[in-house]
2 protein chains.
Amino acid sequence: MSVTLDAIDRHILRVLQRDGRISNVELAREVGLSPSPCLRRVRLLEEAGIIDRYVAVLDPAKVGAGLTVFARVWFKTQDAEVTLRFAEAVRRFPEVMECYLTTGECDAVLRIVTADLHSYWRFQADHLTRIPSVLSVKTDVPMETLKRSCELPLR
Amino acid sequence: MSVTLDAIDRHILRVLQRDGRISNVELAREVGLSPSPCLRRVRLLEEAGIIDRYVAVLDPAKVGAGLTVFARVWFKTQDAEVTLRFAEAVRRFPEVMECYLTTGECDAVLRIVTADLHSYWRFQADHLTRIPSVLSVKTDVPMETLKRSCELPLR
DNA sequence: GATGCTTCGCAATCTCATTGCGTGAGCTTT
DNA sequence: AAAGCTCACGCAATGAGATTGCGAAGCATC
C-alpha cells in the first residue's frame with residue numbers, strides 16, 4: 001500500500017511528532033480540515049505504516065536512567081551465527097537503547113542507558129561481557145547531551 | 001514536586017511507553033485500577049515531568065529518512081563560545097537526531113538521518129562543515145540497525 | 001480507639017471519536 | 001465542451017471515553 005504524502009499529510013505528521021495525543025478536533029483545526037477527513041488521513045497514515053506507533057516519552061533523569069554510555073563492541077569471530085546470537089542477547093536488555101552493526105574499527109556500537117556509572121559497570125560486567133559473542137568492550141561516556149530528538153525531518 | 005513511583009506507576013509508564021494512545025479505560029484495566037484513579041496517576045506523572053510528552057513514531061524508511069550516519073566532529077578550538085555556537089547550529093537542523101559532546105578522540109558525535117548517502121553528503125557539505133566551530137568531520141555508516149528503542153528501563 | 005490523610009470506586013456530565021451520507025471539485029472520456 | 005467517474009471534503013448522529021465531584025475504605029498517627 002503506497003501513500004503519496006501531500007502538504008497536509010506532512011503537516012499532520014509534523015504535529016503528531018510533537019504531540020501524539022492531540023485531539024483530532026484540534027489537529028484538524030491546525031491543518032485546516034474538518035475532523036472527519038483529518039481522522040481519515042491519520043488512519044490511512046497508520047495503516048500504511050508511516051505512523052508506526054504512539055509512545056509516551058519519559059524524562060530519563062526522573063526514572064533512574066540519567067546516564068548514556070556508548071559501548072563499542074568487538075566480536076570473537078565475524079560470522080552470521082555470532083551476529084545473530086548477539087542481536088538476540090541485545091534485544092533482551094532494556095538498558096540497550098540502540099545497537100548498530102558497523103565495519104571498520106569495531107563490530108558494534110551500543111547506546112546504553114543506566115542510572116549512573118556504577119550501574120553501568122555492573123551491567124557491563126554482569127551482562128554485556130558475558131554475551132558469548134563478545135570479545136571486548138570499550139566505553140565512551142559523553143560529557144553532555146546537546147540534542148536528542150524523536151522528530152524525523154519531513155522533506 | 002517529587003513523586004515516588006510505586007509498582008502501579010511503573011506499570012502505567014511501561015504501558016504508555018509501548019502505546020501512548022491507549023484509552024484510559026483500557027490502561028486502567030491493564031494496571032488493575034478503575035478509570036478515575038488511573039487517570040489521576042497519569043496526570044500526576046505528567047505534571048511531575050516524568051512523562052515528558054507523547055509523540056507519534058514514524059517509519060524512517062517511509063518518510064525519506066532511511067539512512068543513519070554517525071558523524072564525529074572536531075572543533076577548531078575548545079572554548080565555551082565555540083561549543084555554544086555549535087549547539088545552536090545543531091539544534092536548527094532536523095536531520096541531526098542526537099548530538100553528544102565527548103572527550104577524547106573527537107569533540108562531538110552526531111546521529112544524522114537522511115534519505116540516502118547522496119543526501120547525506122550534500123547535508124555535510126552544505127551545512128555541517130559550514131558551521132564556524134567545525135574543523136573537520138569523519139563519518140561512520142552502520143551496516144545494520146539491530147535495535148532502536150524509545151522505552152527506558154524502569155527499575 | 002479516634003482522627004486525619006490518602007487513594008480508591010461510583011456516577012454524572014461533557015467532550016471527542018467514529019461512521020454514514022450527500023456534495024462539490026478535478027480529471028478522464030467521448 | 002459536456003457527461004461521467006472518482007476522490008476527498010463537510011455535516012450530522014451516535015456511541016465511547018475523558019473528566020470531575022463525592023462518599024467510602026485503608027492506613028498511620030496520636
Side-chain angles (χ1 to χ4, degrees), chain A residues 1-59 61-65 150-155, chain B residues 1-59 61-65 150-155:
Chain A
M1 183 191 299
S2 175
V3 175
T4 50
L5 302 178
D6 64 11
I8 298 181
D9 289 321
R10 288 194 298 275
H11 197 168
I12 288 175
L13 292 176
R14 263 189 292 268
V15 173
L16 286 178
Q17 280 195 110
R18 291 194 177 275
D19 181 3
R21 259 200 168 176
I22 190 174
S23 78
N24 181 55
V25 174
E26 195 173 345
L27 175 63
R29 189 148 28 85
E30 284 213 34
V31 304
L33 281 179
S34 71
S36 46
C38 181
L39 185 63
R40 243 176 309 240
R41 279 170 181 262
V42 172
R43 291 288 171 266
L44 283 176
L45 292 168
E46 288 168 0
E47 281 162 22
I50 292 171
I51 297 175
D52 182 39
R53 63 192 192 282
Y54 300 87
V55 301
V57 178
L58 310 188
D59 183 333
K62 290 182 178 165
V63 294
C150 306
E151 298 173 34
L152 293 174
L154 295 174
R155 275 284 164 135
Chain B
M1 182 193 299
S2 175
V3 175
T4 50
L5 301 177
D6 64 10
I8 298 181
D9 288 321
R10 288 194 297 275
H11 197 169
I12 289 175
L13 292 176
R14 263 189 292 268
V15 173
L16 286 179
Q17 279 196 110
R18 291 193 175 276
D19 181 3
R21 261 200 167 174
I22 189 173
S23 78
N24 182 55
V25 174
E26 195 173 345
L27 175 63
R29 189 147 27 85
E30 283 212 34
V31 304
L33 282 179
S34 71
S36 47
C38 180
L39 184 63
R40 242 175 311 239
R41 280 171 181 263
V42 172
R43 290 287 171 267
L44 284 177
L45 292 168
E46 289 168 359
E47 281 161 24
I50 293 171
I51 297 176
D52 182 39
R53 63 192 193 282
Y54 300 87
V55 301
V57 178
L58 310 189
D59 183 333
K62 290 183 178 164
V63 293
C150 306
E151 298 172 33
L152 293 172
L154 295 175
R155 274 292 164 125

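A note on names: the letters A, B, ... follow the listed sequences, proteins ahead of strands, and every chain is numbered from 1.
In this structure, the separation between CG on Leu5(A) and NE2 on His11(A) is 14.0 Å, given to the nearest 0.5 Å. Separating the CG atom in Leu13(B) from the CD1 atom in Ile8(B) is a distance of 12.0 Å, to the nearest 0.5 Å.
Residue Arg40(B) contributes atom CZ, which lies 18 Å from atom P of dC5(C) at whole-angstrom precision. Spacing between atom CG of Leu27(A) and atom P of dC16(C) amounts to 13 Å, rounded to whole angstrom units. Between the OH atom of Tyr54(A) and the C1' atom of dA17(C) there is a distance of 13 Å, given to the nearest Å. Rounded to a whole Å, the CG atom of Leu45(B) is 14 Å from the C1' atom of dT7(C). Taking atom CZ of residue Arg29(A) and atom P of nucleotide dC16(C), one finds them 9 Å apart after rounding to whole Å. Atom pair Asp6(B):CG and dC8(C):C1' shows a separation of 13 Å (rounding to whole Å applied).
In this structure, the side chain of Arg21(A) does not engage the main chain of Arg21(B) through any donor-acceptor pair within 3.5 Å. A donor-acceptor pair is defined here as one N or O able to donate and one able to accept, closer than 3.5 Å; such a pair exists between the side chain of Lys62(A) and the backbone of Ala48(B).
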Dump the pairs, protein N or O against N or O of nucleotides 17-19 of chain D, anything under 3.5 Å, distances to one decimal.
| unit_1 | atom_1 | unit_2 | atom_2 | d |
| --- | --- | --- | --- | --- |
| dA18(D) | OP1 | Asn24(B) | N | 2.5 |
| dA18(D) | OP2 | Asn24(B) | N | 3.2 |
| dA18(D) | OP2 | Val25(B) | N | 3.3 |
| dT19(D) | OP1 | Arg43(B) | NH2 | 3.2 |
| dT19(D) | OP2 | Arg43(B) | NH2 | 2.2 |

What protein N or O atoms touch nucleotides 24-27 of chain C N or O atoms at under 3.5 angstrom, if any, and at what distances?
none

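Electrostatic pairing of Asp9(A) and Arg41(A) counts as a salt bridge here, judged by a charged N lying under 4.0 Å from a carboxylate O. Ion pairing between Arg43(A) and Glu46(A) holds under the 4.0 Å rule for side-chain N and carboxylate O.
Distances shorter than 4.0 Å separate some side-chain N or O of Arg41(B) from OP1 or OP2 on dC8(C).
In Arg18(A), the CZ atom is not crowded: 12 or fewer heavy atoms of neighbouring residues, nucleotides or ligands sit closer than 6.0 Å.
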Verdict with supporting geometry, Asp52(B) and Leu58(A), side chain to side chain contact (heavy atoms under 4.5 Å, CB included): CA-CA 5 Å; Asp52(B) 182 39; Leu58(A) 310 188; over 6 Å; no
